[in-house]
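Proteins get letters first, then strands, A, B, ... in listed order; numbering begins at 1 in each. Just so it is clear, the structure is predicted and the values come from calculations on it, not from any experiment.
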Protein chains: 2
Amino acid sequence: MNIFRLLKKNKLFADFDDSEINKIFDCLHGHINKYSRGRVVAEAGNPVTEVGIILEGSAVKFIRKPDGELVNCGELEVGDMFGEVEGYAGDRTYRSSVVLAEDSTVLYISIPTIVKQCSKNCPHHQKLLENTLSCLADRIDVINNDAKYLKIKSMRGKISKLFYDKYLAQGTNVIHLGFNRNEMAEYLNVSRPSMSREMIHMKEDGIISYRKDEIVIHDVEKLAELANSAR
Amino acid sequence: MNIFRLLKKNKLFADFDDSEINKIFDCLHGHINKYSRGRVVAEAGNPVTEVGIILEGSAVKFIRKPDGELVNCGELEVGDMFGEVEGYAGDRTYRSSVVLAEDSTVLYISIPTIVKQCSKNCPHHQKLLENTLSCLADRIDVINNDAKYLKIKSMRGKISKLFYDKYLAQGTNVIHLGFNRNEMAEYLNVSRPSMSREMIHMKEDGIISYRKDEIVIHDVEKLAELANSAR
DNA sequence: AATGTTTTGTAGCTTTGGCAACAAAGCCAT
DNA sequence: ATGGCTTTGTTGCCAAAGCTACAAAACATT
């Protein structure tokens, strides 16, 4: 296991060099645990004292509804972390439980030591703090953007905004979704057939054409207008 | 102007005592500006170097759509701030412009000095950093919860979740919304008449009754079930 | 009390999009 | 190629919710 390579997948450590990563185990109280599949590494309601980072394996997040039903609310892959929001918010308890989906290795870093500067004023400590801040701020940006899709009421508006955003991000008329139809429908919070139907109309109107994951934008003007005027 | 009282309305300084607030002007490079109504204190696209806090007056946030149209995307009252997300996220430029709605006083605090520990390792500096982290993390919590409402598709589900959340928060069967119907409809992202219609049905079904801002929950069980099973 | 203003309730009509069910096409393996 | 499996396209029906417009009530102000 190359901990250096693995950790750099994580936003908190993306710009750390190997020697800095080594220091994590000193003043940040970093420690590594190996668990087997099915292990519950975070239990909703329990206090959060550490950020956990998946170094090997994967996990699933669950929330428990009042009626007892467990609802999958996200997957964690290598480099993903848990507790990085709950550890600073509200009453500092886990909102969701994290269950390992396979045998996994988890690196923990103590939250109080991230926040409190140690006496040495180490630069890597400083860096971690800044990264934590950007990580949270970036997250807000992402969620805010996702919420925009949800607020648009018309099917055409949702689809247009998604395609237009991808167009802006990828900078070409031929965009790749990185979604299949099901996932796209789920992301936009609509039913797949209804979405499909509207995509056909947009094709008939000469705005787009598509084949599977690949969307060709024929009328960028129109798409932009639809995306921006969408209510 | 009592800067101590005013600043304590802000989440970053809520737990500061007066002597600590005074130190803001030392190592945090705090400074206060007075502006007149209409002044643009933040321009979308410009780099963010400071967090701004409204001490007197109020402001409106606008985003400019590609077609040039300005869209109101939020109001700022005394104690509210701007730049506290953009200052740490992405390319650190303002997403929106902030225009003062009346003659106002604004306190600025330099972001780099919030993040970098000064040599003195002052405790208030430390506190500010922790507050910034909780502020961002709390925000994520709030947005995440708002998004839940948007994801629920049925009218009854949205209304039920809103009322149930208020019930949990207020701990009584007689809840107060803090919304008028228009605002409530806007928050749930639905049309007011449709919402009204469904509220009537829920009344007919003996789940709730209401008069203006005051909602009485007659069947908590049922409401909970509706709120939690809502898709 | 009278008047204007805002908020809330009501009704009818229309559109949208959900849903179920099925068809067609792609994609793998054997 | 053959048969399973997944993804995508297609259809029709129907319920849900949007919208306009208006009525009624509540509230405020003179």
Just jot down the side chain to side chain contact (heavy atoms under 4.5 Å, CB included) partners of A/Val40, sequence neighbours excluded, or say none.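 Residues passing side chain to side chain contact (heavy atoms under 4.5 Å, CB included) with A/Val40: A/Glu43, A/Val99.
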Would you please name every residue forming a side chain to side chain contact (heavy atoms under 4.5 Å, CB included) with B/Ser134, sequence neighbours left out?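 Listed in chain order: A/Arg92, B/Asp138.
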In whole Å, I'd like the distance from the [atom1] atom of [X] to the [atom2] atom of [N].
X	N	atom1	atom2	result
A/Arg211	C/dA24	CZ	C1'	14 Å
B/Ile200	C/dT8	CD1	P	13 Å
A/Asn180	C/dG26	CG	P	16 Å
B/Ile215	C/dT8	CD1	P	10 Å

Who passes salt bridge (charged side-chain N to carboxylate O under 4.0 Å, His left out) against [X], sequence neighbours left out?
X	value
A/Asp219	none
A/Arg181	none
B/Asp17	none

Taking 5' to 3' order, which nucleotide of DNA chain D is first and which is last to have an atom within less than 4.0 Å of a heavy atom in chain A?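 Both ends considered, the range comes out as D/dT8 to D/dG12.
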A/Glu198 pairs by salt bridge (charged side-chain N to carboxylate O under 4.0 Å, His left out) with which of A/Arg192, A/Arg156, A/Lys203, A/Lys158?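 By the salt bridge (charged side-chain N to carboxylate O under 4.0 Å, His left out) criterion, A/Glu198 pairs with just one of A/Arg192, A/Arg156, A/Lys203, A/Lys158: A/Arg156.
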Five pairs at each end of the helix from C/dA1-D/dT30 to C/dT30-D/dA1: take the axis at both ends and give me the angle between them to 10°.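 About 40°, once rounded to a multiple of 10°.
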Would you list the protein and nucleotides 15-20 of chain C atom pairs, both N or O, that sit under 3.5 Å from each other?
residue, atom, partner, partner atom, Å
C/dG17, OP1, A/Lys153, O, 3.2
C/dG17, OP1, A/Met155, N, 2.5
C/dG17, N7, A/Arg197, NH1, 3.1
C/dG18, OP2, A/Ser191, N, 3.0
C/dG18, OP2, A/Ser191, OG, 3.0
C/dG18, OP2, A/Ser194, OG, 3.0
C/dG18, N7, A/Ser194, OG, 2.9
C/dG18, O6, A/Arg197, NH2, 2.5
C/dC19, N4, A/Arg197, NH2, 3.4

side-chain contact (heavy atoms from CB on, under 4.5 Å), paired with A/Leu6, selected from A/Ile53, A/Leu107, A/Ile54, A/Val78: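 Going through A/Ile53, A/Leu107, A/Ile54, A/Val78 one by one, the side-chain contact (heavy atoms from CB on, under 4.5 Å) with A/Leu6 is satisfied by A/Val78 alone.
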Going by the side chain to side chain donor-acceptor pair (under 3.5 Å) test, which pairs reach into residues 167-180 of chain A, not counting sequence neighbours?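 Qualifying pairs: A/His176-A/Asp213.
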What residues, two or more places apart in sequence or in another chain, satisfy ring pair (Phe, Tyr, Trp, His ring centres under 6.0 Å) together with B/Tyr88?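 B/Tyr88 satisfies ring pair (Phe, Tyr, Trp, His ring centres under 6.0 Å) with no other residue.
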With A/Phe13 via ring pair (Phe, Tyr, Trp, His ring centres under 6.0 Å) - residues at least two apart: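 Applying ring pair (Phe, Tyr, Trp, His ring centres under 6.0 Å) to A/Phe13 gives A/Phe16.
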Do any pairs count as a ring pair (Phe, Tyr, Trp, His ring centres under 6.0 Å) and have a residue in residues 187-231 of chain A, sequence neighbours left out, and if so which ones?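 Listed by first then second residue: A/Tyr149-A/Tyr187, A/Phe179-A/Tyr187.
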Please classify the nucleic acid contact of A/Tyr210 as base, sugar-phosphate, or nothing, using heavy-atom distances under 4.0 Å.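 A/Tyr210: backbone/sugar contact only, no base atoms under 4.0 Å.
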